[in-house]
Structures are given as C-alpha cells and as structure tokens.
Amino acid sequence: MKYSRLFLPTLKEVPAEAEVISHKLLLRAGMIRKLASGLYSYLPLGLKSLRKVEKIIREEMDRAGAQEVLLPIVQPSELWRESGRWEHYGKELLRFEDRHGRASCLGPTHEEVITDIVRKEVRSYRDLPLNLYQIQTKFRDEIRPRFGLMRGREFIMKDAYSFDVDDEALEKTYQVMYKAYCRIFERCGLDFRPVEADTGSMGGHASHEFMVMSNTGEDQIACCTSCNYAANVELAPVIQSPHHQNAESVNHQITKVSTPGKRSVKEVTEFLGISADHLVKTLIMIADDRPVAALIRGDHELNNIKLKRFLGVETLNFADEATVRSVTGAPVGFSGPAGLSKGLKVVADQDISTLKNFVTGANEPDAHFTGVNWNRDIPVPEFADIRVITEGDPCPNCKGKIELKRGIEVGHIFKLGTKYSASMGATFLDDTGEKQPAVMGCYGIGVGRTVAAAIEQNHDENGIIFPISIAPFEVIISLVNINDNLMSKAAEDIYNGLLAQGVEVLLDDREERPGVKFKDADLLGIPLRIVVGKRLKEKDEIEIRSRGTGNIISVKKNEAVKKAVEILR
RNA sequence: CGGGACGUGGCUCAGUCUGGUAGAGCACAGCGUUCGGGACGCUGGGGCCGGAGGUUCAAAUCCUCUCGUCCCGACCA
C-alpha cells in the first residue's frame, strides 16, 4: 500500500474526548473515529488490526473443532421470553418494535438463537459434540460507555457455543476451549492471565476470564504472590484470618456516645480515635424486595455477589433512605445491629465474629455504641464470607498472600450446563433412547477490546508498538525524499521485493518532511521501519529500525528485503 | 439515574467573570525557501460561537429550557 493513497488521518494533537491511552492512540493513529457515545467506526488501519485478530481467532477456533456460523443481530422477543431473559436481562438489552409491532431486541449475546437452531436440528447423541461460533457485532446499551473500544455499546465479539452429551464431555470441550484461548492471546502478543470468574447474567456454574494485565483495566484480580492462583475479586473466597482482633481480653461496657453528624466510617473512626477494623458497619440492603442487614468490618467492603449467592436472591441493592429509617429507626449513617426491626434478616461477615469491644451505630440519630460485644449486647447473627478480598489476605489455595492487580477482560468462557437447553427444549436422544438436554458451554472474545488491550500494553510516548501478529502493516518504508530519483527507485524496489515475499508493507511516498514521516511511523506502531535516505547515496545502504527496541541496523540496499524478512519471520 | 465539567473554523484551545463588528496555533490551498525527528515566510479560504426561547439599543458573553460529549459514583453507614 502506498501511504499517499491510504485513508489514514493521523492526529498530531490528543483529542479531548479520550482518557485512556489506547483510546487516544486509536484516534491519533487514524484507526477509529467516534460516531456517537459508545459507537465507533473502524478506518482502514483499525480494520486491518481487527481483521488480524479475527484471523487468529478463526484459525484457533477451527483448529479446536468449532465451526463458524453467522447469526442475526435482530432477535424476536419470543426466544428471550423462553429463556426468561426478556424479563431479567435489564436495560442493556435494547428492545424495540418493528413496523408490525413485534417486540424485538438487538442481540447482546446469542445463546437463545443458537439454542433455537440446535433444538430444531439436533436429534441424536450422534450429532454431538457440536461447537458453533461467529464473529458478529453485538449491542449492549451500556449505562456508561467509556474508554473508546474498551466499553462501547456496539462492539465486535467472537462467541462460541458448545453442545455436549453430558458434564464430562463438556469438561473436555471446556478444556479444549481454554487452551485455544490461551493460544489466541499468546499469538496476539498479550501478557494475559486466565482467572476464575463469576458467571454473572449468563448463568451456569464454572467460568474463567482471560485478563490482559493493565492498570487501566476495569476489573480487579486477586492474584497469589506465591502460587498461580488468580480470581476476579468478585469471586475470590476469603479464608478467615486467625483471630487478629483478640488481643483484648477484657470486655468493655457498652456505651452510647454522641457522634453528631458523623456518618461515614472515616468520620466516626476519626471522631472516636479508633481504627476502622474496630468498627462494624451495618449495611441495609434490599434483596429481591426484602430488606436485609449486612454487617461488615469498617475497613472491609461488602461483596454483593457473595451475599446474593448466600441469600439465594436475584437482586441486591442498597436500601433507600426511607427503608433505612423504617428498619433502623435512624437516618443513614447510624445503623447498628442492636435494636433492628424484628424479623430482619442479619448476615455478618465471618471476619467480625472474633471482634471484641467494637463500635456500631446506635440506631438513633447522631449516636454510636462503643464497647459492643457479641451475645451480651447483640444477638449472634449468621456468619458467612460476604466481603471482598483485599490485598494481604491469605491465598485460598496456598499459604501465600493475595495481591490485587488490574486487568482488561478480553475473553470469558463459561460452563452453562442445561440452563438454556432445558428451558428452550434443546434435547437429544442418548444411546439408551432417553431424551436429554444438551449440556452447553459458551465462549466469548471481545475482538475490538483485544486490539485496545494490546495497545494499552504495547506503547510508548511516541505511539503504538504493535505486536507483529496484529500490526496493520509489518513494514513501513520511509522514503525520505520522494523527489530524489535514486531514493524513490530504491524504495520502490524494496517495496516490490517485500510484496513479492508476502510481506504487508506500507510505502510512505507522501510529499512530507522526514520528521513527519518518522513521527507517523512511530505513532502507527508498525514493527519495522525501513528508511531510504541519505545513507543510500553515501554507502548504498538503508536502515532497518525495530519499533519495539529502537535498534537500527544498516544493510546494503540489495540485502534489505532479505534482511527484513529474516527479522520478521 | 445522580454529581461535576465542557460544547467557539477539521483539531487543540483563548475570548464568557466585566455584553459593544469572532481570535490564536495546528490543519487546508497557492507561491517561495527548506528537506534525517511533527520547518519557515508571505498570501488566501473557512466559524450565524451545540440548539431553542428570553433580557437588552446591542448577546459567544446574562437568564431559562433543551441536546450532545467527557469524567466521577452502588462502598455511604
């Protein structure tokens, strides 16, 4: 490709709308442009990278025995009613009516459609296992799209769905997919980590996320410093720490103290001169329309998912002011476990079971209790692991310590089980003639997000440093002076030579000063840059520079193609 | 959905407080000089200041509403 003919609008200045580095660089490098919030167009260069990721995915999915299909984006509400998700999916599911008044939606995912196909076509265990995938645009009406391609409303996703005869067969498929995912992200040149994850709205029972390590990631991962344990913080179980609070042998008197206007943990602990791990906060929650009190140590965070699972409820949210008042008799900020309304379910984090002489709200305005102890002052509630794991907690898997890292979720694989096949009737006859629901798995990759994640991980102050496997071009030839016949001829020769070798090469034949060409080459992140310039005239040499390392080698003009190919392959 | 910020040539922004004929840099077009890290000079084109309403002799500027964009927020007990 000749640069002079390429639609590649690069930006010298950073667009005001971009916050994270991948977003800035995608815009500056002319790869994407925004149409509206969460909606992006891919320009030629961006599309090239996207296609490269797609190609890697296709190769690895095909290798793993999956077959490509293409499913509709617009889906009828009937299917979603069958799976129960028409009611449960939430506002992210964009619903609308067509001209005939038929309720429809834009597919945020395709379990329903694929299950519908399989239930219509698959009859026998002889047809299984079956694994179908597509690379398709999804739409999720996100509350807050952000960070460019990282969290758009419309985005490109590879999703695969597997159907097996039983759990054991699913386990095998799952392992094959797990390995395929590792290969995909390795080939994309990413520093990633598979982590144990929550299954979220997909349902099902086992799941791994593939996280690209990056401090701009939206997800927090609990990693063990001594073993290879890694899990999403949403999921990571907390092993109860051995009685770190039990130094105090004396039980103090329970005392009501005035704490005017002191609501937050920070305010109360500072006012009373105590540390946050001596305070028990009482969170009034609404669990499926019923209020519940959750007790958590002041320096800990409630884990919604854990509490939801413990209570066996679908939704869990903070209660509104009015509910808090009616349940506790006090405004928000002064709730405590003593004297809550009768019959209120109380769940306490296991870590506060060993606390003594702690502080709680007094359930009246501007007052807290100090010196609170279990039994004597308040009834012993149900204890459970309902908090978020934190830095320094023990590893659930070994004796190591947990540290928290950030990651970008680029892939997610689930064992779905029979959630969809059972509700939608995707069954087959097994070898004894029994009707069985297919056991499903589903496997997603955010394709655009993978490109963004690669940029987050591979850049410097001058621009992108693409891994060769997903770079839009492998080589850029910077022709320093297009009006110099010797240089132009040499650049053209090298260009044709590389093309003949199947190398994806961009010839910068623009009428620009050298500095502009170098800056753009760096910004675009093309792995190799060949400079045809003054050395050609002096020594018949050209330079080959690696974008990643900055290393430059000079070679004779006639060696250029051979040498470049050697470095690339 | 709440809170905050911002909408002024294609881009980055000044001008708004204190109303009085719309600016800069970059980009673009032409000419000249330059030519290995985002050159310089001269000339030129391009904006009804997001939109609607209002106040005023006069509105980018003040008021009201609206649309859009970005950021923060379930963690406060």
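Lettering of chains follows the sequences in order, A, B, ..., and the numbering in each one begins at 1.
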Across every strand shown, the nucleotide meeting Watson-Crick or G-U wobble geometry with rA77(B) (both distances under 3.5 Å) is none
What is the distance, to the nearest angstrom, from the CG atom on N483(A) to the C1' atom on rU34(B)? 12 Å
Any base atoms under 4.0 Å from E543(A), or only sugar-phosphate, or nothing? Heavy atoms, all strands. base
Indicate, with a heavy-atom threshold strictly under 4.0 Å, whether G361(A) touches base, sugar-phosphate, or nothing. nothing
Would you say a side-chain N or O of S37(A) is under 4.0 Å from OP1 or OP2 of rG68(B)? no
At under 4.0 Å between heavy atoms, what does D520(A) touch on the DNA or RNA strands: base, sugar-phosphate, or nothing? base
Starting at atom CG of L302(A), determine the distance to atom C1' of rC75(B), rounded to an integer number of angstrom. 8 Å
Tell me every residue that passes side-chain hydrogen bond (donor to acceptor under 3.5 Å, both in side chains) with E17(A), counting only those two or more places apart in sequence or in another chain. none
In Watson-Crick or G-U wobble terms, with both distances under 3.5 Å, the base opposite rG25(B) is rC11(B)
Can you classify the ring geometry of F358(A) versus W374(A) as parallel (below 30°), tilted (30 to 60°) or perpendicular (above 60°)? tilted
Under 4.0 Å, counting only non-hydrogen atoms across every strand here, what does R263(A) touch: a base, just sugar-phosphate, or nothing? sugar-phosphate
Rounded to the nearest angstrom, tell me the gap between atom CZ in F518(A) and atom P in rG38(B). 10 Å
Sugar-phosphate, base or nothing in reach of V531(A), heavy atoms under 4.0 Å: base
What residues, two or more places apart in sequence or in another chain, satisfy side-chain hydrogen bond (donor to acceptor under 3.5 Å, both in side chains) together with Y495(A)? none
Between rG68(B) atom C1' and R153(A) atom CZ, what is the distance in whole Å? 12 Å
Taking the nucleotide of RNA chain B with the closest heavy atom to each, which residue, H300(A) or I143(A), is nearer the 5' end? I143(A)
How would you label the contact of K281(A) with the nucleic acid (heavy atoms, under 4.0 Å): base, sugar-phosphate, or nothing? sugar-phosphate
Output the rounded distance in Å from CG (N317(A)) to P (rA77(B)). 18 Å
Taking the P atom in each of rG23(B) and rG36(B), what is the distance between them to the nearest angstrom? 38 Å
Provide, to the nearest angstrom, the distance between the CZ atom belonging to R144(A) and the P atom belonging to rG68(B). 17 Å
Could you verify whether a donor N or O on one side chain and an acceptor N or O on the other, from R535(A) and S554(A), lie under 3.5 Å apart? yes
Should rC62(B) form a Watson-Crick or G-U wobble pair with both distances under 3.5 Å, which nucleotide is its partner? rG54(B)
For a quick check under 3.5 Å, do H412(A) and E409(A) share a side-chain donor-acceptor pair by atom type? yes
Short side-chain donor-acceptor distance under 3.5 Å, N232(A) and E209(A): yes
Has R28(A) got a side-chain N or O lying under 4.0 Å from the OP1 or OP2 atom of rC11(B)? no
Could you let me know what rG19(B) is paired to, Watson-Crick or G-U wobble, both distances under 3.5 Å, or none if it's on its own? none
Rounding to a whole Å, what distance do you find between I305(A):CD1 and rC75(B):C1'? 14 Å
Tell me: CD of E19(A) to P of rC6(B), nearest whole Å? 16 Å
Please determine, for rG2(B), whether a Watson-Crick or G-U wobble partner exists with both distances under 3.5 Å, and give it or none. rC72(B)
Searching all strands shown, indicate the nucleotide that pairs with rC31(B) (Watson-Crick or G-U wobble; both distances under 3.5 Å). rG41(B)
At under 4.0 Å, does any side-chain N or O of K517(A) touch on OP1 or OP2 of rC35(B)? no
R529(A) near the nucleic acid: base, sugar-phosphate alone, or nothing, with a heavy-atom cut-off under 4.0 Å? base
